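For reference, the structure discussed in these notes is given below.
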Amino acid sequence: MKKTIITVVGKDSVGIIAKVCTYLSENGINILDISQTIVDGFFNMMMVVNTDLSSKKFVELSEELEELGKGIHCIIKVQREDIFDKMHRI
């Protein structure tokens, strides 16, 4: 299974989760785990997703999600699980 970590950060507004989840659904990406919080008006979401069924390459997904983030005034970052784990190992 190709697990990928997606983070979304920005000023809270209506529809952030809906727009990100719609993109994922339309591209065959399954959400395995999701956590979101709003602190003092700032939205933060972290998702673990499975990209096995997506026909798009990792780079394409990453670029498209980054563009989606600009449209909703958020920063969206996409990382492969193995890279994420190595970066956060202490």
Side-chain angles (χ1 to χ4, degrees):
M1 179 184 314
K2 296 182 209 169
K3 288 185 183 176
T4 301
I5 310 301
I6 300 173
T7 57
V8 182
V9 178
K11 193 84 166 145
D12 188 36
S13 63
V14 174
I16 295 173
I17 296 171
K19 288 177 183 169
V20 173
C21 290
T22 297
Y23 173 86
L24 298 177
S25 175
E26 289 173 348
N27 287 282
I29 300 169
N30 187 37
I31 299 168
L32 302 173
D33 200 358
I34 184 171
S35 171
Q36 65 96 25
T37 58
I38 300 169
V39 177
D40 198 25
F42 290 94
F43 178 84
N44 183 24
M45 178 168 63
M46 181 174 174
M47 309 169 96
V48 179
V49 301
N50 177 359
T51 58
D52 281 346
L53 298 179
S54 179
S55 62
K56 294 186 179 178
K57 295 184 179 184
F58 178 84
V59 173
E60 189 177 5
L61 292 171
S62 181
E63 289 171 351
E64 288 180 1
L65 281 165
E66 186 176 325
E67 282 302 308
L68 174 67
K70 289 177 185 176
I72 58 176
H73 308 290
C74 290
I75 297 169
I76 300 179
K77 296 292 181 188
V78 182
Q79 293 178 293
R80 289 186 175 96
E81 179 188 36
D82 56 340
I83 302 296
F84 185 86
D85 286 342
K86 288 176 184 171
M87 286 179 54
H88 293 90
R89 188 182 316 158
I90 297 178

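Note that the coordinates shown come from a computational prediction; the quantities given were computed from them, not determined experimentally.
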For residues 36-51, tabulate all N or O donor-acceptor pairs below 3.5 Å that involve a side-chain atom, not counting sequence neighbours.
from : atom 1 : to  : atom 2 : distance (Å)
N50  : OD1    : D52 : N      : 2.8
T51  : OG1    : K2  : O      : 3.3

Please tabulate, for side-chain N and O atoms in residues 14-30, each donor-acceptor pair with protein atoms closer than 3.5 Å (sequence neighbours left out).
from : atom 1 : to  : atom 2 : distance (Å)
T22  : OG1    : A18 : O      : 2.7
Y23  : OH     : E64 : OE1    : 2.6
N27  : OD1    : K56 : NZ     : 3.0
N27  : ND2    : Y23 : O      : 2.8

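Rounding to the nearest 0.5 angstrom, the gap separating the CZ atom in R80 from the OG atom in S62 is 9.0 Å. Atoms CG and CG, from L61 and L68 in turn, are 12.0 Å apart once rounded to the nearest 0.5 Å. E67 CD to I76 CD1: the interatomic distance, rounded to the nearest 0.5 Å, is 10.0 Å.
Linking ILVMFWY residues whenever their side-chain heavy atoms come closer than 4.5 Å, directly or via other members, leaves L65 and L32 in distinct clusters. Residue I31 is grouped with residue V8 when hydrophobic side chains (ILVMFWY) are merged at heavy-atom distances under 4.5 angstrom, including chains of intermediate members. Side-chain heavy atoms closer than 4.5 Å link hydrophobic residues (I, L, V, M, F, W, Y) into clusters, and following such links, even through other members, never connects V78 to I75.
Considering every non-hydrogen atom in both C74 and G10, the closest pair reads SG-CA, 4.0 Å.
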